[in-house]
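Only one structure is covered here, and it is reproduced in the block below.
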Amino acid sequence: MSLLDFSSDIFIAAFFLYSGAFMLYTIAIMGRKWSGRKPEEHTARWGKIAFAASSIGLLCHLAYFITRWMGSGHIPVSNMYEFMTFLSMMVMVAFTVIFAIYRKIILGLFAVPISIILMAYAAVFPQEVQPLIPSLKSIYLNIHVTLAALGESFFAVGFAAGLMYLLRTVNFGSKDKNDRKQQRLVEFTLFSIIVILGFLVSVFAFRGAGYESVFVRPNVTIDSPGQENSTIEKVSYKMPPIVAPYDSEIESFQSFLGMDKPLFEAPSWMNGVNAGRKFNTVIWSLISGLLLYGLIRLIVRKPLGEAIHPVLDGIDADDLDEITYRAIAIGFPIFTLGALIFAMIWAQVAWGRFWGWDPKEVWALVTWLFYSAYLHLRLARGWQGRKSAWLAVLGFLVVMFTLVGVNLVIAGLHSYAGTD
Amino acid sequence: MSSKAPLFTNTKCECGHQNPVGTVLCEACGKPLEEKEAESSENLEMRYDGVARRSQRVNPGIIDRVWNFFSSVKIAVYLIVLTLLGSMLGTILPQESTFLNIDASTYYKQEYGTAGDIYYKLGLSHTYESWWFVTLLVMIGASLVICSLDRVLPLYKALTRQKIRKHRQFLTRQKVVLVTEVQDDPETWVERVAGPLKKRGYRVKTDGGALLAEKHRFSRWGPYVIHIGLIIFLLAVLARGLPGLNMDQHLAFPQGEITQIPDTTFYLENKKFIVEFYTEEEMPEEFRGKKVLPKLYETQAVLYECTADCGDPSKKPQLNEVASHDIRVNSPLSYKGLKAYQFDYDLTPVLRSVQPELKDSRTGEVYGKFKLTMKNPERSFEAGPYTVTLKEKYMDFGLSDEGQPVSVSPYPNAPAFLFLITGPDLPAEGQQYFYFPKQVDKTKFQQTAINDKLGGGSRFLELEVGDMKDVDFSESTTYLNVRVDRAMPFIWVGAAIVMLGLVLGFYWQHRRVWLTVDDGVLTLGGHTNKNWFGFRREIVGVLGKVDMAVDEKTLDNGGGLA
């Protein structure tokens, strides 16, 4: 067995260990009510087992990382698959650090799933080892990407703790106008997470079924001496096309549930041939997300926030507030160093300018400004508790847009990260 | 922060200390000063230890008002948020600066329709150079300076003259409080607890039955260090706009030639340019035959400095080799602040020189051969009995709107030469002759037809290249980005200071414990600027060493955990 084969096997092992650990954390927290033991004893005992499982998972994850590095000859953070697997590993590292400080078992219940979702998201992308293009051949690939990911992972843990704070403190029984607003916002946050799950479910379900439809679009460009260049753009849909690319023709169409042509065409401003495909993916994610959400609602028969709320009973809200802040305070300097300073150093060496207002750079700055505002509001204006928790939740949204959204929607110089 | 001091207040504390207007907590004993503050039982406002800031002056003048505006953290947060939103807007569509040459006024409309046109008209196509964005950055700079000065001086004053014995109210209204009974004599107990505190790195001062323990005060300077770093950074960024500090050119260097870098005394020679692609074996199976991945772009470059005859077109400049480097992406050539980065390349061969023969088209007789270089050709040549004089040179031949021959670019894409030939059997004033060295241009621009017109029907002379070895090409051209950026060291110093401040401020915390023992009652107050959780745990640990069992939660006096 080659190193790379071993690497992908142990990665799958890590995935299942995390999933198992997630269930153990659930038992540790939920089981305290029906186990014969005293609740604290039960949580401490099962919490230890759960932490052991997630730590072994992390060791496997590290083994994946090291063997892939050895097998490919370069640090495995050079494309979207490698970056997402690395980010999920760093989320576990950040979780472990925060766990070591605060010893809150329940943190595992919320942080480990983030890592699992990121791992699943990584699997959406092609997994082959790719040789490095000249611009990535630099020691700064190792430093910039890893530090940025580590800083962002602490923000992820801050997000988890902030969401926990909200689930713990929002008054889900109340009919008061303000409380209703908070309930709705929490519900929307949870729904958004379910839409991401919906995306993953659709990708893997249609991939498993081997679905494919192909569209073509003739594209005529006129270059400077006035010569007409005609090319045919081809786009392959891996999900049934509800929406076709703008101005395109069907080359092959695999019928799905009696649907044998796209329902409509993308609007003209989505003029890239891939824009239609991405739009189609968004629609499918929403459909599966809504189905999933509806299913869960049918089972629990109440809003998700209200359903999760009792899980956090007896957890000190101030501790959650403190964990949120602490995670962000630990992550902020690391993020600054990795995502801004080393980014500038690398940009200076590779492109001759330390800053070029490339979309990815701008969004790293936006993330940094966002957390700066968070810190100022908290430290100098006394924004704590509820407001601070919402900012931590919103901040992670900004982080994810910087990491994924920019590549998906805007592209720019970081497009070699190859998002699909 | 918004506490507005009334015009006349008695700011003298009961301990006898005279405090400036705006003081919240007595500078000496820490007693809350304002009546409303004194009666409350809430946690104390411990920012800058309650010392008055400049921005809290009575009767503000115009300068004070500006000062007050920029010293407000609220304003600072607004500035941050506005910059954040402005930056976002600039990423909706590509900025003008990402294109090398477009006409922005039509480009955005063409590519993105009406939305693109609006985007352009709002000036968002150059967001980051727009006056409002730069103003925001300058205002953030002002806010950084004034906020820091407004706070760091009072804080410094407060922290350097702390009294050990504090007012009881000061202690009981901290966020970490413990009031309990102790059996020992006050001084003995204080001595006992000083030991474990010192062990944990606290600097301990005692005054009878009172104690002040403090550690990691430097962490309080973290935010101000960050701000100093950011100011240096922003100033360096602004300075880059000054003339002479900055140079940025994209230049073409044909292989095998020494090319001058304009506006400098430097010349760069492209000895060889290499481009390599990954072989099929090096690629993953899925990509084989489908994708081509570049492996290496390298320009083997030598940098020369001109030592004499530099600006004189009639003489050859004397060059002195100063540096040589294999320039790759991520590995620029660097010499005394001048840097050359691999930017692009072109594998189209570029004509360097030809050696045409002057021939008699009637007899086929060859009168002579001369060497014509595309760059800096000689002015006249001898070919047998004939003299060929160069009248005009076009590097990239084309016709202007008026039908006149012009050079449309300085690059030798379609070189053309207009000669005047004099000699036997020709008119006395000579005969004009247009020469296109490239075969493709000869046909495209109809060399024969032009010359027939210029020379009339009796034309019998032709310039032709007899052999391919008389043609000299440069195989490829490398494009380098040549830069000078004198402000860079300041950028890095600023960034390093920011990092230092971040580490100081976020990875350490300033912790203080005050305690007094009076009549068998211990009153303990504790303050830290962050991480109350760890702080409470530490105090419990210390008290445990003097056989006092306390639960972490009982220390919590509420009021959140900043």
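Side-chain contact between Phe506(B) and Ile330(A): absent, with no pair of heavy atoms (C-beta onward) separated by less than 4.5 Å. Proximity of Tyr278(B) to Gln130(A): side-chain heavy atoms (C-beta onward) are nowhere separated by under 4.5 Å. In this structure the side chain of Tyr128(B) reaches within 4.5 angstrom of the side chain of Val362(A), judged on heavy atoms. Considering only heavy atoms from C-beta on, Glu128(A) stays 4.5 Å or farther from Met283(B) through its side chain. Proximity of Phe370(A) to Ile80(B): side-chain heavy atoms (C-beta onward) are nowhere separated by under 4.5 Å.
Nearest heavy-atom pair, Val366(A) versus Ser87(B), reported as atom, atom and distance to 0.1 Å: CG2-CB, 3.9 Å. For Val73(B) against Ala380(A), the heavy-atom pair with the smallest separation is CG1-CB, 3.6 Å. Heavy-atom minimum distance, Ala329(A) versus Tyr507(B): O-CE2, 4.1 Å. Heavy atoms only, all atoms of each residue included: Pro131(A) and Glu282(B) are closest at CG-O, 3.8 Å. In this structure, Asn531(B) and Tyr102(A) approach most closely via the heavy-atom pair OD1-OH, 3.9 Å. Nearest heavy-atom pair across Phe533(B) and Asp319(A) is CD1-OD1, 3.7 Å.
Within the 4.5 angstrom heavy-atom criterion, atoms from both the backbone and the side chain of Lys295(B) approach chain A. Looking at Tyr297(B), the atoms closer than 4.5 Å to chain A (heavy atoms on both sides) sit in the backbone and in the side chain alike. Proximity to chain A is limited to the side chain of Arg483(B), based on heavy atoms less than 4.5 angstrom apart. Interface residue Gln509(B): only side-chain heavy atoms are found under 4.5 Å from chain A. For a residue to count as touching a neighbouring chain, one of its non-hydrogen atoms must lie under 4.5 Å from one of that chain's; by this rule Ile92(B) does not touch chain A. No part of Val482(B) comes within reach of chain A, as not one of its non-hydrogen atoms sits under 4.5 angstrom from that chain. The contact between Ile334(A) and chain B is made by backbone and side chain atoms together, counting heavy-atom distances below 4.5 Å. Both the backbone and the side chain of Leu84(B) come within less than 4.5 Å of a heavy atom in chain A.
Summarising the local packing, CZ of Phe277(B) is surrounded by more than 12 heavy atoms from other residues, nucleotides or ligands at distances under 6.0 Å. The number of heavy atoms from other shown groups lying within 6.0 Å of NZ (Lys109(B)) does not exceed 12.
In this model, no donor atom of one side chain and acceptor atom of the other lie less than 3.5 Å apart for Ser97(B) and Trp357(A). In the model, Trp346(A) has a side-chain atom that pairs as donor or acceptor with a side-chain atom of Asn330(B) under 3.5 Å.
Here Thr91(B) contributes atom OG1 and Lys360(A) contributes atom NZ; the two are 12.0 Å apart, rounded to the nearest 0.5 Å. In this structure, Met88(B) CE and Phe401(A) CZ are separated by 8.5 Å, a value rounded to the nearest 0.5 Å. Here CH2 of Trp492(B) is found 5.0 Å from CD1 of Ile345(A). Values are rounded to the nearest 0.5 Å. For the atom pair Leu369(A) CG and Ile140(B) CD1, the distance stands at 6.5 Å (nearest 0.5 Å).
Of the listed residues Ile491(B), Asp248(B), Val503(B), Asp485(B), the one with more heavy-atom pairs under 4.5 angstrom with chain A than any other is Ile491(B). Each of Leu293(B), Val498(B), Leu502(B), Val81(B) has some count of heavy-atom pairs under 4.5 Å with chain A, and the biggest count is that of Leu502(B). Considering only heavy-atom pairs separated by less than 4.5 Å from chain B, the leading option among Ser138(A), Gly352(A), Ala350(A) is Gly352(A). Top candidate by heavy-atom pairs under 4.5 Å with chain A, chosen from Arg537(B), Lys339(B), Met488(B), is Met488(B). Interface remark: of the candidates Ala495(B), Pro294(B), Ala115(B), Pro294(B) forms the most heavy-atom pairs closer than 4.5 Å to chain A.
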Requested in this report: Show the numbers, then the answer: is there a side-chain contact (heavy atoms from CB on, under 4.5 Å) between Thr336(A) and Met499(B)?
Outcome: CA-CA 8 Å; Thr336(A) 311; Met499(B) 260 335 282; 4.2 Å; yes

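Note on ring orientation: taking the six-membered ring where Trp is involved, the planes of Phe233(B) and Phe354(A) are perpendicular (angle over 60°, cut-offs 30° and 60°).
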